[in-house]
Amino acid sequence: LDLTRVLAGPLCTMLLGDLGADVLKVERSGEGDETRAWGPPFDDRGESAYYLSVNRNKLSLAADLDAPTDRDLLRRLIAGADVVVDNYRPGTLERRGLDPAALLAEHPGLVWCTISGFGPDSARPGYDFVVQAERGWMAITGAPDGDPMKVGVAVVDVLTGKDAAVAVLAALVGRAGPRAPLPAAERRLHVSLSASAAAGLVNVAQNVLVGGRDAGRWGNAHANLAPYQLLAAADRPLVVAVGNDAQWRACAAALDLPDLARDPRFATNPARLANRTALADALAARLRERPAAEWIARLDAAGVPAGVVKGVREALAEVEASPLTGVAPSVPGTVRRPPPRLDEHGDAVRVRGWDAFVTP
């Protein structure tokens, strides 16, 4: 049962749907998930691209939490569900007689995951942009001499949605394991944007914890590796991502720069970091001489990680993607249903409950 809206929650439930779960999306009567209006662009059915991106493999039911009949329907649906995912602010469900703690006690097999902005004790609304600002992401993104910058995708929402799906799957495995039935506390899951964002800092966080100095912005360079940056070929930009000394020697050979390979300033990664400006200048001068495709062919043949900078349309041309159902599942899943229209399956669900997923 999907009681979520916007991005992190719907992405979590879409992933579960991709993996085979039957997902019923419960939306507010009248307007539904607010992302249905987040456009343009809209498709020929009037659905926004934003909504379509995270709502495949679901049925839709419109319900009013303030209506007793709809609350009764939700209780019946909860009784038949394996999992409930919600992203309501604290107290919203409890005030309407849909207390997750009470429902978990009533249904010993139920798993309930709440996605929030800042954890179960905070009523602050959770928006990716705010969390990127407050959890250090913007401070490390952008040009060194420019303003802090958010990532182009709502990556905190995406991370949180994936974290929530992992937590749900772990609880389901535990529910079926030798310790079953799980106590209610282990079936009550809380995942937050703030926690996912903090954990998502990974190596940048560890640099600060170990080194004691705050992280800065490196633009398209790397705090710990060189050369690992954006460079310009004769016709278009490309990136070179050298991860070890052997790759560096292969890179210098592929670019016909034997003197650089022998230069002690660049022999090791710490040395290259200490002399990153001189190294970048030498590479830039060489790469400007020929088209990107030629350099990429050479670097690929030498086993050096490198790639051209592509636009989104160019990148999508290389993967399976649909204007209706989005980019194909990143997990081993399948697309079985297009994103539903608001309350598209409401009549069937009201009459047949979870059996509405079964084709008559």
Side-chain angles (χ1 to χ4, degrees), residues 8 117-119 122 124 126-163 166-167 190-232 237-252 255 257 260-284 287 299 303-307 309:
F118 297 91
S122 173
R124 295 178 67 191
Y127 273 69
D128 176 281
F129 193 15
V130 174
V131 176
Q132 284 200 40
E134 293 199 357
R135 285 296 177 266
W137 285 63
M138 291 181 66
I140 61 172
T141 306
D145 56 352
D147 291 333
M149 191 72 62
K150 71 177 180 68
V151 181
V153 170
V155 67
V156 173
D157 276 334
V158 173
L159 282 175
T160 306
K162 287 178 177 284
D163 283 352
V166 170
H190 290 279
V191 179
S192 72
L193 273 66
S194 58
S196 291
L201 288 169
V202 286
N203 58 299
V204 175
Q206 206 68 18
N207 285 346
V208 174
L209 294 169
V210 173
R213 298 175 58 186
D214 203 359
R217 291 189 295 282
W218 289 95
N220 289 308
H222 195 291
N224 304 105
L225 294 169
Y228 197 107
Q229 66 189 90
L230 178 74
L231 295 160
L238 55 82
V239 298
V240 176
V242 168
N244 56 52
D245 294 339
Q247 287 180 354
W248 160 242
R249 292 188 292 271
C251 175
L255 301 180
L257 294 170
L260 289 190
R262 293 190 293 267
D263 193 321
R265 295 178 299 166
F266 311 131
T268 66
N269 185 65
R272 291 192 295 277
L273 284 172
N275 296 282
R276 68 161 75 230
T277 300
L279 177 60
D281 289 346
L283 293 177
L287 290 169
L299 292 166
V304 178
V309 177

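What you see below is based on every heavy atom in this structure, not just the backbone, and it leaves out hydrogens, waters and symmetry mates.
Sorted by first and then second residue, the side-chain hydrogen bond (donor to acceptor under 3.5 Å, both in side chains) pairs with a member in residues 139-153 form an empty list; sequence neighbours excluded. Each side-chain hydrogen bond (donor to acceptor under 3.5 Å, both in side chains) pair with one or both residues in residues 208-219, not counting sequence neighbours, would appear here, but there are none. The stretch residues 127-140 participates, sequence neighbours left out, in these salt bridge (Lys or Arg N to Asp or Glu O under 4.0 Å) pairs: Arg124-Glu134.
Atom CG in Leu260 sits 8.0 Å away from atom CZ in Arg265 (nearest 0.5 Å). The structure places OH of Tyr228 at 13.5 Å from CZ of Arg272, a figure rounded to the nearest 0.5 Å. Between atom CG of residue Leu279 and atom CG of residue Leu283 there is a gap of 4.5 Å, rounded to the nearest 0.5 Å. Taken from CG in Leu193 to OG1 in Thr160, the straight-line distance is 4.0 Å, to the nearest 0.5 Å. Annotation: the span from Ile140 atom CD1 to Met149 atom CE amounts to 13.5 Å, rounded to 0.5 Å. The line from CG of Asp281 to CG of Asn275 is 11.5 Å long, rounded to the nearest 0.5 Å.
In this structure, Ala154 and Gln132 approach most closely via the heavy-atom pair CA-NE2, 4.5 Å. When all heavy atoms of Val131 and Gly117 are compared, the pair lying nearest together is CG2-O, 4.4 Å. Here the closest heavy-atom approach between residue Phe266 and residue Trp248 is recorded as O-NE1, 3.1 Å. Among all heavy-atom pairs drawn from Ser192 and Gly119, the shortest one is CB-N, 3.5 Å. Heavy-atom minimum distance, Ala280 versus Gln229: CB-NE2, 3.5 Å. Between Cys251 and Val304, the shortest heavy-atom distance links the atoms N-CG2, 3.6 Å.
Open room surrounds OH on Tyr127; 12 or fewer heavy atoms of other groups in view lie less than 6.0 Å from it.
With sequence neighbours left out, Ala284 forms a side-chain contact (heavy atoms from CB on, under 4.5 Å) with Leu231, Arg288. Every residue two or more places apart in sequence or in another chain was checked for a side-chain hydrogen bond (donor to acceptor under 3.5 Å, both in side chains) with Asn203, and none qualifies. With sequence neighbours left out, the side-chain contact (heavy atoms from CB on, under 4.5 Å) criterion links Leu273 to Ala226, Asn269, Arg276.
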Check your understanding: Passes side-chain contact (heavy atoms from CB on, under 4.5 Å), Val156 versus Val151? Steps please.
Key -> CA-CA 9 Å; Val156 173; Val151 181; over 6 Å; no
